[in-house]
2 protein chains.
Amino acid sequence: MVLCDVPRPRNANATRQAILEAARERFCAESYDDVGMRDVARDVGVDAALISRYFGSKEDLFVAVMDSCKNGRDLMDGSREDFGERLAREIVYGDMTPCEYEDGGAKMRGLLILLRSIGSTKAMDVVQRTSNSRFFEPLTQWIGGEDAPVRARMAAGLIMGMAIGRELSDGYSSLDEAQKASLAQRMARALQGLIDG
Amino acid sequence: MVLCDVPRPRNANATRQAILEAARERFCAESYDDVGMRDVARDVGVDAALISRYFGSKEDLFVAVMDSCKNGRDLMDGSREDFGERLAREIVYGDMTPCEYEDGGAKMRGLLILLRSIGSTKAMDVVQRTSNSRFFEPLTQWIGGEDAPVRARMAAGLIMGMAIGRELSDGYSSLDEAQKASLAQRMARALQGLIDG
DNA sequence: TGGCCTTGTCATCAGGCGTTGACAAGCGTC
DNA sequence: GACGCTTGTCAACGCCTGATGACAAGGCCA
């Protein structure tokens with residue numbers, strides 16, 4: 001989103017990194033199909049051809065973006081006791097759209113990117129692979145114990161579904177504050193129940 | 001998917017209907033962006049230009065498809081007591097892909113189409129409008145009682161999330177039969193709990 | 001049978017996409 | 001200061017998309 005009129009110093013690593021971050025923002029806000037190489041290039045202030053040269057193809061860029069995200073595992077940062085509340089708060093109240101580096105909502109970013117491109121045929125392979133290796137499997141392992149795979153699926157389903165529901169209803173804008181609080185509480189309880197067994 | 005080598009009898013209504021059904025199958029299996037007018041036309045055995053003439057634009061066709069689906073409300077067909085079990089069974093065991101008319105999985109079709117195109121910027125307006133008027137609002141009304149909007153969001157989230165999780169993990173193929181049963185049971189209980197209060 | 005409205009086809013358009021290879025400009029090194 | 005590698009730009013390609021308007025052919029009615 002930041003255009004530089006003063007020419008960027010010639011630095012391959014920095015440019016590559018800038019492309020990666022711009023792409024991450026784009027994939028965070030739009031689906032795989034809707035993100036264009038030219039869009040990303042414009043954000044960085046660079047020619048689209050450069051992206052092809054640095055990353056190979058659009059799909060490779062997408063993979064690189066996914067790899068650069070602190071996927072899944074971050075959801076499990078913090079104590080086990082308030083997992084439900086943390087997640088619920090993040091989804092109901094957190095701002096997932098701005099997508100700034102290391103900031104609020106950053107934890108959800110990898111997941112958000114997956115959800116955005118979930119429908120795209122072209123990205124499906126990557127999405128499936130990534131969601132398994134970066135989301136389902138770590139969550140299953142983290143939950144542990146009896147019936148962990150099943151409980152992880154349920155938790156993941158609830159998390160994804162609520163995140164999508166939020167997108168669909170524009171940040172749960174039709175709910176008032178009390179209702180949002182109630183939603184967060186219900187979600188927290190449901191998630192925590194799945195974690196605790 | 002059915003190609004007719006013998007020329008279709010000239011019948012505007014029938015052709016229009018055939019286009020609508022072919023489009024419904026396509027939108028059921030692919031995202032808005034991935035479905036091409038030429039694909040739909042080929043399925044029907046007709047020229048793509050005809051679709052434009054009958055339906056106006058691709059977006060209009062998408063709207064017509066959504067209108068033609070028995071959305072949302074169908075999820076609430078049947079008794080209130082086994083809502084959770086019905087839905088859970090549909091999602092965990094039902095085949096949502098074949099997408100045949102009036103057959104198993106048909107109830108989920110409208111929802112499936114929404115989920116498929118959830119990431120597309122071009123379809124977002126229609127998706128948001130439809131998911132509200134055909135899914136969230138009826139569900140809220142059907143649940144009724146105290147806190148209905150919140151409980152409806154939770155239920156919708158769980159349904160959508162589990163449906164997506166299913167797509168992501170290829171029909172929960174990594175789970176064995178016992179685990180699938182456990183998943184269905186957990187989901188049924190969670191949903192029913194939301195319905196009952 | 002001849003006319004005419006309806007139904008469907010065909011060629012084509014403008015625009016967008018990802019990608020490519022040839023060229024320009026910066027910058028360190030000898 | 002000139003060479004040469006790196007970094008970035010530019011123009012173009014081939015392909016695909018949704019949409020349009022001119023045209024062919026079926027089918028009904030007089």
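As a basis for the values below, the full set of heavy atoms in this structure was taken, side chains included, without hydrogen atoms, waters or symmetry mates. So that the names make sense, note that chain A is the first sequence line, chain B the second, and so on, each numbered from 1. Everything quoted here is computed from the prediction, not taken from an experiment.
Close to dG8(C), at under 4.0 Å from its OP1 or OP2, lies a side-chain N or O of Thr15(B). For dT7(D), neither phosphate oxygen OP1 nor OP2 lies less than 4.0 angstrom from any side-chain nitrogen or oxygen of Tyr54(A).
No N or O donor and acceptor, one from the side chain of Arg38(A) and one from the base of dG16(C), sit under 3.5 Å apart.
Between Lys58(A) atom NZ and dC16(D) atom C1' there is a gap of 13 Å when expressed in whole angstrom units. The nearest whole Å value for the distance from the CD1 atom in Ile51(B) to the P atom in dT7(C) is 16 Å. Taking atom CG of residue Asp47(B) and atom C1' of nucleotide dT7(C), one finds them 12 Å apart after rounding to whole Å. Taking atom CD on Glu30(A) and atom C1' on dC17(C), their separation rounds to 14 Å, with Å as the unit. dG18(C) atom P lies 10 Å from atom CG of Asp34(A), rounded to whole Å. Spacing between atom CZ of Arg42(B) and atom P of dT17(D) amounts to 9 Å, rounded to whole angstrom units. Counting to the nearest Å, the P atom of dC10(D) and the CE atom of Met37(A) are 17 Å from each other. Whole-Å rounding puts the Phe55(B) CZ to dT20(D) P distance at 16 Å.
In this structure, of dT20(D), dT19(C), dT12(C), it is dT19(C) that holds the atom nearest to the side chain of Ser57(A). Of the candidates dG8(D), dT19(C), dT9(C), dT9(C) carries the atom nearest the Leu50(B) side chain, counting heavy atoms from C-beta on. For Arg53(B), the side-chain atoms get nearest to dT9(C) when compared with the rest of dT6(D), dT9(C), dG18(D). The nucleotide whose nearest atom lies closest to any side-chain atom of Arg10(B) is, among dT19(C), dG8(C), dT12(C), dG8(C).
With Arg116(B) contributing its side chain and Phe27(B) its backbone, the two residues share no donor-acceptor pair below 3.5 Å. For the pair Arg151(B) (side chain) and Glu146(B) (backbone), a donor-acceptor distance under 3.5 Å is present. A distance-only check finds no donor-acceptor pair linking the side chain of Asp147(A) to the backbone of Val150(A) [under 3.5 Å].
Among the heavy atoms of the strands lying under 4.0 Å from Val35(A) are primed sugar atoms or P, OP1, OP2 only; no base atom is included. Residue Ala12(A) is in sugar-phosphate contact alone, with no base atom involved, counting any heavy-atom pair closer than 4.0 Å across all strands shown.
Both tests do not hold together for Arg153(A) against Tyr172(B): distance to the six-membered ring centre under 6.0 Å, angle to the ring axis within 45°. The cationic group of Lys58(B) lies under 6.0 Å from the six-membered ring centre of Tyr32(B) and within 45° of the ring axis, placing it in a cation-pi geometry.
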